[in-house]
Amino acid sequence: MNSNVNSDLLLKGGLLPSGAVADILIRDGNIAGIADSISTPPDAQIIDVAGKLVSPGLVNGHVHLDKTLLGAAWIPHLPGNTVTERIAAEKTIRSQVNVPVKTRAATLVDLFVSHGTTAVRSHVDIDPDIGLAHLEAILELREEVRERLTIELVAFPQSGVRAAPGTAALLEEAMKLGVENIGGLDPAAIDGDVEGQLDLLFGLAERYGAGIDIHLHDGGELGIFELEQIAERCRAGGLAGRVTVSHAYALGMVSQSVVAATAGKLAGAGVAILTAASGFGAMPPVKLLLSCGVHVFAGTDNVRDAWSPFGNGDMAERAALIAYRCGMNSDEDLRAAFDMATVSAAKALGLENYGLAVGNPADLVVFRAASVQEAIAAHAPRDLVIKGGRIIGT
Ligand SMILES: [Zn+2]
């Protein structure tokens, strides 16, 4: 189905996330009306969505567009028990791929869009071997697909910062190219220098007005120490709402009282936690974190790459996996999971004018489900994907 962005679109009788029934009028790319009953404008395209959930577009808070092997012939997964071993395995696998980064990433974009994702935050590998090649490919792709998917970027030092000399200068180059966030990786385990890596990241963030998103696999008390260090620097730097710790497995490895104490510091400083419910990591206790006021949001992380042979890029399925691992079964819990894949992820990305409100861009997805709970629990089929007022998937 195609739609001209210049013609009005009227979605009739949809179920909003609140449970209300409403018509939604889309005009010039934006939501022009939400009401019990909207009369049909001349020449409008009418779509009957009665009994179906009309949701804001899904937001995937953590992906790696440049890593995916989609679009290339199947390459067997190489095991690795530690992050260091996995980094080495990825280098081996990368040497066997003959399909360009941009082509593979475009295939993953198509997959995200097909499931109703309208915005993502993508980490992009930067190290002395890769240089800025992956970033340049993804920057090009971002422009080419911007009418279908909003892409925010993180300059990600996959081989470490101090551990891979030359990376710091490359990260700074990435900032100059307009990358929105500076990434990090296990300051203790990979760099052996918590202070050194955090000094560099927070220094760059301050100098370039960037956000920060740090992969933290470091576990137990060490990981908790690093979370506290990050919270303290975030607070001191006035970066509330601009700092994310991805994974934070340590929060799933310590007592509830330690989690609560750490959560208080994260919430107080405005540090968000991203979880992908990775199968190989400890699961942060999402309900406890939310009850402590921590901003928690969701992402798929790796999709069909050297880190994971799994994944279909569906954020509804990912939200269900998070809820499943955390025992989040009540309607309230499932709504929280839905929020992690929609409004909470949008907040992390700083998406302005996100959501079902008049005047906002019409980024919507229609689920074949009667509620947000059913949409998540069943990761229900998507019947329609609309971005900027245009139908881009059915
Ligand atoms: Zn990641």
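Computed from a predicted model, the values in this text were never measured in an experiment. In each ligand, atom 1 is the first atom listed, and ligand 1 is the first ligand listed. All residue numbers in this chain count up from 1 along the given sequence.
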*Verify the ring-centre separation between H215 and H62: is it less than 6.0 angstrom?*
yes
*Can you tell me the N, O or S atom of D301 that's nearest the Zn ion (ligand 1)?*
OD1
*Could you tell me whether any N, O or S atom belonging to H62 is less than 2.8 Å from the Zn ion (ligand 1)?*
yes
_Using a distance threshold of 2.8 Å, state whether an N, O or S atom of H215 lies below it from the Zn ion (ligand 1)._
yes
*Mark yes or no for whether E232, through its side chain, and E228, through its backbone, hold a donor-acceptor pair below 3.5 Å.*
no
_Heavy-atom donor-acceptor pair, D8 side chain to P41 backbone, under 3.5 Å_ = no
*Would you say the side-chain atoms of N360 pair up with the backbone N or O of L356, donor to acceptor, closer than 3.5 Å?*
no
